[in-house]
Each structure stands twice: as structure tokens, then as C-alpha cells.
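Since the structure comes first, as C-alpha cells, the remarks are kept for the end.
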There are 2 protein chains.
Amino acid sequence: MDSETDPEAMTSKESLQTISERTGYSVSTVSRVLAGKGEQYRIGRRAIETITAEAQACNYRPDLIAKGLRTRKTNTIGLTVPGIDNPFFSNLASIITNHLKGLGYNILLADTMEAEEMEADALNSFLSRKVDGIIAVPVGESPEMLERISRSVPVVLIDRYFPDTTLPYVCTDNYYGGLSATRHLIRKGYRNLLAIQGVLTSMPNKERVRGFEDAVRNSGDKGIRYAVTGDGFSSENGYESTMKVLESGNPPDAIFAFSTTIMLGALTAIREKGLKIPDDIGIISFDNNRFLDYLDPPITRIEQPAPQIGRTATDMLVKMIEGSQMEDSMEGQISIRPFLVEGRSC
Amino acid sequence: MDSETDPEAMTSKESLQTISERTGYSVSTVSRVLAGKGEQYRIGRRAIETITAEAQACNYRPDLIAKGLRTRKTNTIGLTVPGIDNPFFSNLASIITNHLKGLGYNILLADTMEAEEMEADALNSFLSRKVDGIIAVPVGESPEMLERISRSVPVVLIDRYFPDTTLPYVCTDNYYGGLSATRHLIRKGYRNLLAIQGVLTSMPNKERVRGFEDAVRNSGDKGIRYAVTGDGFSSENGYESTMKVLESGNPPDAIFAFSTTIMLGALTAIREKGLKIPDDIGIISFDNNRFLDYLDPPITRIEQPAPQIGRTATDMLVKMIEGSQMEDSMEGQISIRPFLVEGRSC
DNA sequence: ACAATTTGCGCAAACGTTTGCGCATGTCAC
DNA sequence: GTGACATGCGCAAACGTTTGCGCAAATTGT
């Protein structure tokens, strides 16, 4: 009656050892019982009852550090994102964290801030901490480090990836996204298109450009003019690129911004110039954000399938971790089609 | 020449043991040298050089799990937020993660989704994982669990807190925020104010209400009317509360939304009613978000000092962890004044 | 040449688990 | 009464570290 309400239940000092002493059973037996392997190891009813009761009473929680050391399994996975601040990544992180929790894993979070050294640090730290797996939004252009890491522990890339590697990834189908955005602009009657791109070297960016250009070329309409400009997923880039073309002799009648940040910059420039959206100029963006619906006008955009990306990547990783060897049925490089959400900006 | 470029450098199999074998020095010596305690333990120059060289060559990384078991220090801290999705929390998380990284800690992230059971799960998990400390945005109204936890491991609350506890926290000075927002509205000439509140039971909410009411009462202007309505930090709440009062016999001429989400809902309602901001109705919000500047009109708001909160809390926690006992000079319950950012919405 | 001191390093225990193996005792068949 | 098998449980090693203690050899003092 007082053991279960003991006010001084120093929450941390309980161990198999202490329970063993109090119940009179050996540490091994206690361990097996509390691991739920009582039956399996033919531990008697008496023992099982006594031990579970005592564990309950003293609020025993296994030391996952010790367990991890012994079993080499930490039930922890590492997640790197280039900026948890960025709504797209925090959304991904949220999905992944919650999905992973359901599967019995905790997450170690690292923010790489788009810096390769920080990414390297984070990955090394993950290794030292013996994570069971890693989900990463890679920064930088070289897969080297990640490939090395993936020889020690399962790695799944999300959102970004490297060409010519076997590293598994799941990302948006950026080509398709570029294609659909551009087709939408063309369908709406725009004929002088400008794409403002982000980080030039990143695959997502390259794919979007490819989609953009293919859409124009395959449109069958020889009258369409188009250009690609800009460098960097920043609103400065959006602002300056837009300003430049608006003041040039050949201003576009529609802008395809490769990210929300770029779009915001463009929007500012357009407003400064006093142009009306969507009549003077149309705009379409690439990203998710609930705020986009509250802008004036609400922004038409290609939304990335963040939930699917997050869930697919997590499932994939967990399969790699727990799977009885690589199950060959597993496709390791997946891209998921984004979808158009119409605002009134084009 | 080839040991440092060994392609088969199985990144994980290196241990003090293997280095010990290859160098001929004992595990203890290797440990001491690699811990940088060579001098301190009077290890010879030869040994130090050989060992560091070998460790370098084979890219040795200490096993932090084993180290943690032995030293009872994991250099990991747990962070719970009620929704990493929410820009305010992801912003906090970002600040904390990065600040903590600089101090040599990694972070275990848990999303509690505003649910007390999930918070309890997360905290227990943190305990099992032997985190060195915890930073939490508590959900729920009862400090019980967190107080119990804080007897085992340092805990610092952020953003929200409990009255009548000694749990250390650092949060926005919500009273001051409520006060300044309301004073601003009054200064701008509004005379019929409506506050749309969030979670009624939370301290931040209560304090904002108190600030709101005090500002009106202390204004010396008997002509000012005011009311508080709503329940929940959601846009639905914002929308419905606004709709109701706009359709009532006594519509307000200014709205003080207690969060961005609430503000967005209110904004929708106002637009639907065809009212002009700020002439027909003024609006002021409470939160941070870069998007607020891109709305039409840009929203005037009380910005929370997230960076200070994050950094202060982190420093506080680390001091508690590493400090030579509680340094008495330490004030444990801190609130930081938010500041007004003017848009054109009132 | 011998004691005292310093220098350089290793032994072994400990952290809290898990798990292969094996030892008692009890039960049954004959 | 003996062998065979089932039942119930414990011993001890192992995971990779850190660290108190202490021992041997080298150096110094006298």
C-alpha cells in the first residue's frame, strides 16, 4: 500500500538489479520476464507475477542506453534537414516524427542550415550515437559522405537526391511538377514565361527546369517565349530577378517561381511596379504553405506531397532496418507526383 | 599512404579495443589519450603520437552509447513541442537546436500534438534514454508529471508555464504583449475592441486577456467598449468568432487576435463581409511569421522574442546540467517582453 | 649501491542490459 | 530403482567505455 505511492520514488534508480534483489529472482529472470519473454523461457507463473508486480510498483523503466549497448539497437533514427525553420521541412519533420513514433522509434534532429560541414558533423554524430537509420535532406552536391555512411547504417534521402547513385530516396517528381505548372500557365493563355530558379546544382531545381522547358517545347505553340533566371531559394533572388526583367525591354507575362520564398520576392517586386495579378502578370509557385491562400490573390501552386514523402521514406527506412535482408521487391528510388492547387494568381 | 584511404574502412567496427591491439597499448591508455587526457595521466609522447595517428587513420569515433552508459552523461537533451508544424515552434526548435549544438548537445525531438498522453510518453521516453535535460512546451494544465520528472533531470519550460510551481521557465511577457497590442489599438482611435482568445486555460492566454482588459481600464477613456470571445488557437475559432460578432448588433471596430491562426480566420470572415482593413475594422495579431508582411494589408502584430526565449532557456538548462549545484544567482522564472511590429492593418 | 621519487602504463571493475548454456529438481515410463 | 525428459531458473560473458589504483622501470639523490 505504500510501495506504490512512495513519494521518494527516485524515478531513475530502479534497475533489473534492484528488482532482482527485492524479489529474490536473478537479474536474468527479471530481464526475461520484463522483456515479455517469460513464457518463452519457461519462467514460472509465480515468478512472472511477482516480478511484474514489483516492476509496476517501483515504476521501472529500462535503461535504453544499457539496452542499446548490449543489443546494438537504439530505436533512434537521425533526421537532418537544411532548416527546420522552413515550413516545408518542419512539415516533413512533423510527419516523420509522428509516423516514426508509431513504429517505436525516436528521432534525433539536426539542422544542417544548408551547410555541408554541418551535415557532416550531424551524420558523424548520428553514427557515434548508433542510430538505427538516417533520413536526410542532403545539402551539397556530392553523395560521397552519405554513401560512406550508408555502408554502416541504412540511409534514405528525401526531397533531394543525387543522380548516378544507388542511395535510396523519395522525393517530389519535380519534372512533372515543372511540367504541370508550365502547362497550366500556357493553358491560361500566357505566352512569355519566366522561370525563377533556386539552387542551380540541386536535382530538384534541374528537374523543374527540364519540366519547364519540355512543357514549352512540347506545347506545339511556336509563339511561346521563355527564359530561366535566378539563383537561390531566397526572396532576394525572387525580388531582384523579377525587378530586372520587369525593367527590361521584354517583361514576361507570367512567372514560375520555384519556391515560396522566391515567389514572395517576386510578389514584392510586382507590387512595387504596380502591376495587377493575374491580369498584367500571372504567377505560379512551387511549395506548400497555408498562407498562400491568404495572400491577395491566393497563389496558384504546385504542392509537394509532403505526407506521402514522409511516410514512404519512413516505411522504407524501417523496412531496411528491420527487414530480413533487403527485400528485393523494394523499389529504392521513388518520386511522387505533386499536384496543382489553384489560387487566382494566374 | 593506403591506410588513410582504405576503401573498406568499415566505419563502425573501430573501438578502443581494436586500436589497442594494433598499437600495442592497453585499452585504458588508448582511452585516456583519445580523451585528451594524455598529459594529465602522464602518457608518453610516443604513445600519444602512435595512438592519435592510428585513431586518425582508422577514423575512430567513440561509441557514445557505451560512453553514456559508463559516464551517465549522454549529451542529449529532449525537446517537446506541441506541433513542430507550427512556425512558432519550429522557429523555437531551430534556435534551440542550433544553440545547443554549439554547446555540445544533440536533441531528441518529440511532437506532443497538444496531447497530454503523448507528452507523458515523450517524457518517459526521454527518461529511459537518459537525456541530460529537457526543454518542454508543456501541454495540459497540470504540472504534476513535469514536476516529478524534474526531480530526476533538469527541466526548463518554454512559452507556457504553470502558476504556483517552482519549475523554471522562460516565456513571452504575455501580459505586456496584451497590454501593448491593446494600447496600440486605442492609440489608433479604435473604441470597440474584441479580443479573440486561444486556449482558455493556458497561462499565456490568461495573461494576454489580463493585459487586454487592464489596457482598456487604465486608458482613462470611459467610452471604450471591449469583449473577449473565442476558444482555441485555430483559424476556425477566428473565423466563427469574427462572423458572429460581425453579424451581431454590436460589431467591433478592431480585433485583437491572439495568434496568427486566429487572425487568418478572422481575416477570411472580414473579407467575406466585404469590410476594409484598417478603415472599417482594425486588426492586430500575436505571433511571428514572415508571411504577415506579405498579406494585404501587412498585419500589425506583437512579435514574440523567440530567439531570446530559445537561447535563454538553453543556457539556463545547460547551467543546471553542468553547474556546480544550483547557482543561486540564477533567476529561474523569466518572461521576456515582446515587441510591436507595425503593418498597416490598424 | 640503495632508497626515494618520478615516469609510463596496465588491471579490473563498473555502468545496466541480454542471452547462450547448463545445472538442479521434479515427473514419468518401465 | 533407473533412465529419459520436462520444468524452472541462474551463471557469466558480452556490448565499449572510463577510471581508481597500483605496479614496474627509469631516474634522481646521497
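Proteins get letters first, then strands, A, B, ... in listed order; numbering begins at 1 in each. The figures here come from the full heavy-atom set of this structure, side chains too, leaving out hydrogens, waters and symmetry mates.
- What separates CG of B:Leu34 from C1' of D:dG16 is a distance of 13 Å, to the nearest Å.
- In terms of phosphate contacts, B:Lys37 brings a side-chain nitrogen or oxygen within less than 4.0 Å of OP1 or OP2 of D:dT19.
- In this structure, B:Tyr60 places its OH atom 10 Å from P of D:dG16, rounding to the nearest Å.
- Checked against side chain to side chain contact (heavy atoms under 4.5 Å, CB included), A:Asp132 has the following partners two or more places apart in sequence or in another chain: A:Lys73, A:Thr74, A:Asn75, A:Tyr105, A:Ile321.
- In the set D:dG16, C:dA12, C:dT18, D:dG16 carries the atom at the smallest distance from any side-chain atom of B:Ala66.
- Going from atom CG of B:Leu127 over to atom P of C:dG16 covers 14 Å, rounded to whole Å.
- Within the model, atoms CE of A:Met203 and OH of A:Tyr169 stand 7.0 Å from one another, a figure rounded to the nearest 0.5 Å.
- Judged purely by distance below 3.5 Å, without hydrogens or angles, the side chains of A:Thr312 and A:Gln308 never pair a donor atom with an acceptor atom.
- Partners of B:Asp63 by salt bridge (charged side-chain N to carboxylate O under 4.0 Å, His left out), not counting sequence neighbours, listed by chain and number: A:Arg72.
- Atom pair A:Asp63:CG and C:dA14:P shows a separation of 17 Å (rounding to whole Å applied).
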Which atoms of nucleotides 5-9 of chain C (N or O only) lie under 3.5 Å from a protein N or O atom, and what are those distances?
{"residue": "C:dG8", "atom": "N7", "partner": "B:Arg42", "partner atom": "NH2", "Å": "2.9"}
{"residue": "C:dG8", "atom": "O6", "partner": "B:Arg42", "partner atom": "NH2", "Å": "3.4"}
{"residue": "C:dC9", "atom": "OP2", "partner": "B:Gly44", "partner atom": "N", "Å": "2.4"}

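- Side-chain N/O atoms of A:Ser15 and base N/O atoms of C:dC15 include no donor-acceptor pair closer than 3.5 Å.
- With A:Thr314 as reference, A:Leu100 is the one residue of A:Ile158, A:Val156, A:Leu100 to meet the side chain to side chain contact (heavy atoms under 4.5 Å, CB included) rule.
- Here the closest heavy-atom approach between residue B:Ala55 and residue B:Leu34 is recorded as CB-CD2, 3.6 Å.
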Report task. Mind running side-chain hydrogen bond (donor to acceptor under 3.5 Å, both in side chains) on A:Asn106 and B:Ser125 for me, showing each step along the way? Result -> CA-CA 8 Å; A:Asn106 273 62; B:Ser125 166; 3.1 Å; yes
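- As a whole-Å value, the separation of A:Arg72 CZ from C:dT19 P is 13 Å.
- B:Ser28 comes within 4.0 angstrom of a nucleotide base, judged by non-hydrogen atoms across all strands.
- Ranking D:dT19, C:dT18, C:dG16 by closeness to the B:Ser31 side chain, first place goes to D:dT19.
- Which of C:dT19, D:dT17, C:dG16 sits closest to the side chain of B:Leu69 comes down to C:dG16.
- The separation between B:Asn75 atom CG and D:dT18 atom C1' is 15 Å, rounded to whole Å.
- Rounded to a whole Å, the CD atom of A:Glu39 is 10 Å from the P atom of D:dG8.
- Rounded to an integer number of Å, the gap from CZ of A:Arg70 to C1' of C:dG16 is 11 Å.
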